[in-house]
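Structure first, commentary second.
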Amino acid sequence: QVQLRESGGGSVQAGGSLRLSCAASGRTFSYYTMGWFRQAPGKEREFVSSISWSGDITYYAESVKGRFTISRDSAKNTNYLQMNSLKPEDTAVYYCAAARVVGITTSPADFDSWGQGTQVTVSS
């Protein structure tokens, strides 16, 4: 398995920005798709964004499209989630995840390695 560690969460005001990072270690060569999910209090975990191993395919949830950007630096085994124009409804614990899927996926069931999560709080 691959170990994932998120960083970069915090508290910002609405309209602000944060960049989340996810560093992978271990059997990283087995994992092709990296993704971000989030879970707000009292809600189910939801897909945010994912990126293929090559970085040329990305998917975004409709709620974050145009505001969030996912990217990856394969040489560093790190992927990033740049979050701009943050809204209070973006408040959640954000989880990095890895899937052994060639290409791209958005299904949580395909992701078998998860980070511990990082809190993002957006105040109005």
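As the structure is a prediction and not an experimental result, all values here were calculated from the model.
Comment: Arg100 does not engage Asp110 in a salt bridge, judged by the lack of any side-chain N to carboxylate O separation of less than 4.0 angstrom.
Across every non-hydrogen atom of Tyr95 and Gly115, the tightest pair is CD2-O, 3.6 Å. Shown here for Gly35 and Phe111, the closest heavy-atom pair between the two residues is N-CE2, 3.6 Å. The minimum heavy-atom distance between Gln119 and Thr91, with the atom names listed, is NE2-CG2, 4.0 Å. In terms of heavy atoms, Arg72 sits closest to Ile51 at NH1-O, 3.5 Å. Minimum interatomic distance between Cys96 and Met34 (heavy atoms only, all atoms of both residues): SG-CE, 3.9 Å. Looking at every heavy atom in both residues, Ile104 comes nearest to Ser52 through CD1-N, 3.4 Å.
A single hydrophobic cluster is seen to contain both Leu86 and Val48, as judged by linkage of ILVMFWY side chains at heavy-atom distances under 4.5 Å, directly or through other members. The same ILVMFWY cluster, assembled from side-chain heavy atoms under 4.5 Å apart, contains both Leu4 and Leu18. Phe68 and Val12 fall within the same hydrophobic cluster, where Ile, Leu, Val, Met, Phe, Trp and Tyr residues are linked whenever their side-chain heavy atoms come under 4.5 Å apart, directly or through other members.
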Determine whether Thr33 and Trp53 satisfy the following criterion, side-chain contact (heavy atoms from CB on, under 4.5 Å), listing intermediate values before the conclusion. CA-CA 5 Å; Thr33 295; Trp53 181 257; over 6 Å; no

What verdict does the side-chain contact (heavy atoms from CB on, under 4.5 Å) test give for Gln82 and Leu20, after you've listed the backbone C-alpha separation in whole Å, the side-chain angles of each residue and the deciding distance to 0.1 Å? CA-CA 6 Å; Gln82 178 67 44; Leu20 305 182; over 6 Å; no

Between Asp73 and Asn79, does a side-chain contact (heavy atoms from CB on, under 4.5 Å) hold up when you go through it step by step? CA-CA 6 Å; Asp73 184 338; Asn79 78 89; over 6 Å; no

Query - Stepwise side-chain contact (heavy atoms from CB on, under 4.5 Å) test for Met83 and Val120 - result: CA-CA 10 Å; Met83 305 186 294; Val120 171; 3.8 Å; yes

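Not less than 6.0 angstrom separates the ring centroid of Trp36 from the ring centroid of Phe47.
A side-chain N or O of Arg38 and one of Tyr94 form a donor-acceptor pair less than 3.5 Å apart. Counting only N and O atoms by type, the side chains of Asn84 and Ser17 include a donor and acceptor under 3.5 Å apart.
Here the straight-line distance linking atom CD1 of Ile70 with atom OG of Ser50 works out to 6.0 Å at 0.5 Å rounding. Distance OG1/Thr69 to OH/Tyr80: 14.5 Å, rounded to 0.5 Å. Going from atom OG of Ser124 over to atom NZ of Lys87 covers 13.5 Å, rounded to the nearest 0.5 Å. In this structure, the separation between CD on Glu6 and SG on Cys22 is 5.5 Å, given to the nearest 0.5 Å. The NZ atom of Lys43 sits 8.5 Å away from the CD atom of Glu89 when rounded to the nearest 0.5 Å.
Side-chain N or O atoms of Ser107 include none that pairs as donor or acceptor with a backbone N or O of Thr105 at under 3.5 Å. Side chain of Arg67 to backbone of Ser85: a donor-acceptor contact under 3.5 angstrom is found. Between the side chain of Thr118 and the main chain of Gly9, a donor-acceptor pair closer than 3.5 Å is present.
A heavy-atom distance below 4.5 Å is found between the side chains of Leu81 and Ser49.
The salt bridge (Lys or Arg N to Asp or Glu O under 4.0 Å) search around Glu44 returns none, not counting sequence neighbours.
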